[in-house]
S.K.: 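Structure below; questions to follow.
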Amino acid sequence: MTIRAVVRGVGHYLPERVVPNSEFEARVETSDEWIRARTGIERRHFAAEGETTSDLGANAARAALADAGMEATDLDAIIVATSTADLTFPSAATMVQAKLGMRSGFAFDVQAVCAGFIFAMSNANALILSGQAQRVLVIGAETFSRILDFEDRATCVLFGDGAGAVVLEATEGTGTSDDRGILATDLHSDGSYCDLLYVDGGVSTTGTAGHLRMQGNQVFRHAVEKLAQTAHASLAKVGLSGGDVDWIVPHQANLRIISATAQRMQVPMERVVVTVQDHGNTSAASIPLALSVGKARGQIKQGDLIVTEAIGGGLSWGSVVLRW
Ligand code: ACO
């Protein structure tokens with residue numbers, strides 16, 4: 001008997017305030033045309049004053065639980081992938097747990113920046129396969145607007161706030177790639193690339209939250225190379241290749257990275273879920289947001305083979321292959 005972690009529900013939440021590219025033209029030397037041409041981003045959402053990462057995460061969680069037809073008390077665990085938790089501690093996950101009115105089970109955060117949702121899904125899968133949990137809520141939630149330097153045109157135009165969530169449930173499978181659920185995961189980190197993408201503050205250094213710093217063109221180069229590699233690697237683990245993929249649901253950082261990766265995987269853009277134009281880069285939230293939007297648009301259907309892939313600060317990168 002093979003146990004699989006199957007997606008039972010998906011949901012997302014975006015803060016009310018929509019920020020078009022034109023808003024940045026007044027603050028830094030940039031233009032709507034530059035941002036669209038170099039990134040594909042047209043707008044993003046920013047959280048309201050007082051609206052926190054756990055607020056966004058709890059709203060996405062409620063939507064995913066409703067989609068699954070479950071209550072929070074049905075869950076064994078909550079994992080939140082985030083780099084922008086409400087407080088240094090406790091975790092955003094325990095705050096979401098409290099907001100959902102769940103007092104059993106366990107909750108913790110995973111921090112792998114933009115690759116956070118991939119790492120959290122892999123952790124949830126391991127908890128389910130080892131029998132430590134039957135039902136796990138995996139959330140990606142971020143308020144990156146709080147760590148942006150609004151004087152730095154090379155970074156402030158790229159990011160947005162939001163949250164997405166999936167409910168995974170242990171389900172019996174046959175052990176073949178026809179099973180629904182997570183089929184393979186592939187994770188990597190290389191901390192020697194710390195300087196390419198980091199936040200210049202923290203508890204044990206400056207005592208401040210700091211601001212995001214990025215050597216964008218270097219990250220771009222690594223992204224194009226490493227994302228296709230990891231996607232191929234996780235597909236190969238289950239004897240599949242790009243031709244078997246119904247949907248790539250990539251980390252939504254930059255349309256040029258998304259299309260270059262799809263091209264390397266020999267998957268046409270018609271089979272890629274793209275939301276970057278509306279959300280910007282929401283870091284760990286971008287993949288669950290895209291899964292939820294992709295399902296709502298009628299793109300993702302039960303039985304579809306999906307590859308998700310992401311890279312972020314660390315560098316950390318990886319992929320998950322699942323059948324919806
Ligand atoms: N408006 C106008 N000009 C700009 C802007 C802007 N908003 N930002 C940068 N420029 C300028 C630069 O100053 C530079 O000018 P110069 O030639 O006079 O020095 C020029 O544009 C080219 O800069 P590059 O950085 O080489 O531009 P590039 O084509 O690489 O695009 C970008 C920049 C969009 C950041 C791209 O490199 C990128 O998307 N990188 C990857 C980001 C990413 O994927 N991050 C994912 C992980 S994020 C995470 O983990 C938190």
Side-chain angles (χ1 to χ4, degrees), residues 19-44 53 81-85 110-120 140-162 188-191 193-202 209-228 230 250-262 274-277 279-287 289-290 308-318:
V19 180
N21 289 345
S22 55
E23 261 196 43
F24 292 91
E25 292 173 353
R27 299 175 88 149
V28 287
E29 206 184 316
T30 190
S31 65
D32 178 39
E33 294 72 33
W34 191 96
I35 301 169
R36 279 175 197 250
R38 295 295 182 104
T39 71
I41 298 166
E42 296 172 20
R43 61 193 70 80
R44 75 286 292 137
T53 292
T82 189
S83 303
T84 49
V110 163
Q111 209 272 51
V113 203
C114 294
F117 186 74
I118 298 287
F119 280 59
E142 302 279 15
T143 48
F144 258 53
S145 62
R146 306 269 156 75
I147 52 166
L148 295 178
D149 174 355
F150 285 100
E151 312 270 289
D152 177 14
R153 67 176 181 174
T155 54
C156 71
V157 302
L158 302 177
F159 296 89
D161 301 337
H188 301 270
S189 303
D190 184 345
Y193 293 120
C194 172
D195 288 354
L196 298 188
L197 176 54
Y198 64 100
V199 169
D200 63 3
H211 290 118
L212 184 146
R213 305 293 172 207
M214 178 165 72
Q215 295 180 41
N217 46 13
Q218 293 295 316
V219 176
F220 192 100
R221 197 171 55 78
H222 284 286
V224 169
E225 177 196 310
K226 291 181 168 53
L227 291 173
T230 181
H251 171 48
Q252 309 281 324
N254 183 313
L255 189 56
R256 286 153 59 215
I257 296 174
I258 292 171
S259 52
T261 306
V274 180
T275 58
V276 69
Q277 69 282 2
H279 304 161
N281 180 348
T282 57
S283 192
S286 90
I287 289 174
L289 255 164
T308 64
E309 29 86 350
I311 186 166
L315 297 174
S316 291
W317 66 100

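For this chain, numbers begin at 1 and follow the sequence in order. All ligand and atom numbering here is 1-based and tracks the order in the structure. All values reported here derive from a predicted model rather than from experimental measurement.
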S.K.: In Å and rounded to the nearest 0.5 Å, what is the OG1 to CG distance from Thr275 to Leu255?
M.R.: 10.5 Å
S.K.: Within the 4.0 Å heavy-atom shell around Met214, which atoms of ligand 1 are there?
M.R.: 42 (C), 45 (N)
S.K.: For ligand 1, is any non-hydrogen atom under 4.0 Å from Thr155's backbone (N, CA, C, O), its side chain (CB onward), both, or neither?
M.R.: neither
S.K.: What distance do Cys114 atom SG and Ile287 atom CD1 have between them, rounded to the nearest 0.5 Å?
M.R.: 9.5 Å
S.K.: Going from CG on Leu212 to OG on Ser283, what distance comes out if it is rounded to the nearest 0.5 angstrom?
M.R.: 8.5 Å
S.K.: Using the rule side-chain contact (heavy atoms from CB on, under 4.5 Å), only one of Ile118, Thr261, Ile258 pairs with Glu309; which is it?
M.R.: Thr261
S.K.: Is there a donor-acceptor pair closer than 3.5 Å between any side-chain N or O of Asp200 and the backbone N or O of His211?
M.R.: yes
S.K.: Is the contact between Asn254 and ligand 1 made by the side chain, the backbone, both, or neither, using heavy atoms and a 4.0 Å cut-off?
M.R.: side chain
S.K.: Protein non-hydrogen atoms only, distance under 4.0 Å: does atom 48 (S) of ligand 1 have such a neighbour?
M.R.: yes
S.K.: Under 4.0 Å from atom 19 (O) of ligand 1, is there any protein heavy atom?
M.R.: no
S.K.: Please work out, at 4.0 Å between heavy atoms, whether the side chain, the backbone, both, or neither of Thr30 comes within that distance of ligand 1.
M.R.: both
S.K.: Run the contact test for Gly313 against ligand 1 with a 4.0 Å cut-off on heavy atoms, strictly below, and give the result.
M.R.: yes
S.K.: Counting only N and O atoms by type, is there a donor-acceptor contact under 3.5 Å from the side chain of Gln252 to the main-chain atoms of Pro250?
M.R.: yes
S.K.: I'd like to know if atom 14 (C) of ligand 1 has any protein heavy atom within a distance of less than 4.0 Å.
M.R.: no
S.K.: For ligand 1, which atoms have a heavy atom of Val113 less than 4.0 angstrom away?
M.R.: 49 (C), 50 (O), 51 (C)
S.K.: Can you report which non-hydrogen protein atom sits closest to atom 28 (P) of ligand 1, along with the distance?
M.R.: Arg38 NH1, 3.5 Å
S.K.: Using a strict cut-off of 4.0 Å, indicate which atoms of ligand 1 neighbour a heavy atom of Phe144.
M.R.: 51 (C)
S.K.: Can a donor-acceptor pair be found between the side chains of Thr84 and Glu142 at a distance below 3.5 Å?
M.R.: yes
S.K.: Show your working on side-chain contact (heavy atoms from CB on, under 4.5 Å) between Phe144 and Ser83 and close with a plain yes or no.
M.R.: CA-CA 8 Å; Phe144 258 53; Ser83 303; 4.2 Å; yes
S.K.: Do side-chain atoms of Thr39 reach the backbone of Ile35 as a donor and acceptor pair under 3.5 angstrom?
M.R.: yes
S.K.: Can you tell me if Ile311 contacts ligand 1 (heavy atom of the residue under 4.0 Å from the ligand)?
M.R.: yes
S.K.: Report the nearest protein non-hydrogen atom to atom 44 (O) of ligand 1: residue, atom name, distance rounded to 0.1 Å.
M.R.: Ile257 CD1, 3.2 Å
S.K.: If you measure every N/O of Thr39 against every N/O of ligand 1, is any gap under 3.5 Å?
M.R.: no
S.K.: Could you pull out, from Ala112, Ala223, Cys114, Gly40, the option with a heavy atom nearest to atom 50 (O) of ligand 1?
M.R.: Cys114
S.K.: Only heavy atoms count here, so choose which of Leu227, Asn217, Val28 is nearest to atom 25 (O) of ligand 1.
M.R.: Asn217
S.K.: My understanding is that we take every heavy atom of each candidate and find the minimum distance to atom 3 (N) of ligand 1. Doing that for Phe159, Phe220, Trp34, which one comes out nearest?
M.R.: Trp34
S.K.: Among Gln218, Gln252, Arg153, which one has a heavy atom closest to atom 12 (C) of ligand 1?
M.R.: Arg153
S.K.: Please assess Thr282 against Arg44 for the test side-chain contact (heavy atoms from CB on, under 4.5 Å), listing each intermediate value before the final yes or no.
M.R.: CA-CA 9 Å; Thr282 57; Arg44 75 286 292 137; over 6 Å; no
S.K.: Mind listing the closest non-hydrogen atom pair of Phe119 and Ser189 along with its distance?
M.R.: CZ-OG, 3.9 Å
S.K.: Please confirm whether Phe24 comes under 4.0 Å of ligand 1, counting heavy atoms of the residue only.
M.R.: no
S.K.: About how many Å separate CG of Leu227 and NE2 of His222, when rounded to the nearest 0.5 Å?
M.R.: 11.5 Å
S.K.: Using a 4.0 Å cutoff against the non-hydrogen atoms of Gly312, which atoms of ligand 1 qualify?
M.R.: 50 (O)
S.K.: Identify, by atom number and element, the atoms of ligand 1 in contact range of Asn281, meaning under 4.0 Å from any of its heavy atoms.
M.R.: 46 (C), 48 (S)
S.K.: Pick one of side chain, backbone, both or neither for how Glu29 approaches ligand 1, counting any non-hydrogen atom pair under 4.0 Å.
M.R.: backbone
S.K.: For atom 40 (N) of ligand 1, what is the closest protein heavy atom, and at what distance to 0.1 Å?
M.R.: Gly216 O, 3.0 Å
S.K.: Based purely on interatomic distance, does Leu158 place a nitrogen or oxygen under 3.5 Å from a nitrogen or oxygen of ligand 1?
M.R.: no
S.K.: Would you say the side-chain atoms of Asn21 pair up with the backbone N or O of Glu33, donor to acceptor, closer than 3.5 Å?
M.R.: no
S.K.: Checking contacts now, so for atom 1 (N) of ligand 1, which I'm interested in, is there any protein heavy atom under 4.0 Å?
M.R.: yes
S.K.: May I ask you to decide if Phe24's main-chain N or O and Arg153's side chain share a donor-acceptor pair within less than 3.5 Å?
M.R.: no
S.K.: Indicate yes or no: does Arg213 engage Asp149 in a salt bridge with an N to O separation below 4.0 Å.
M.R.: yes
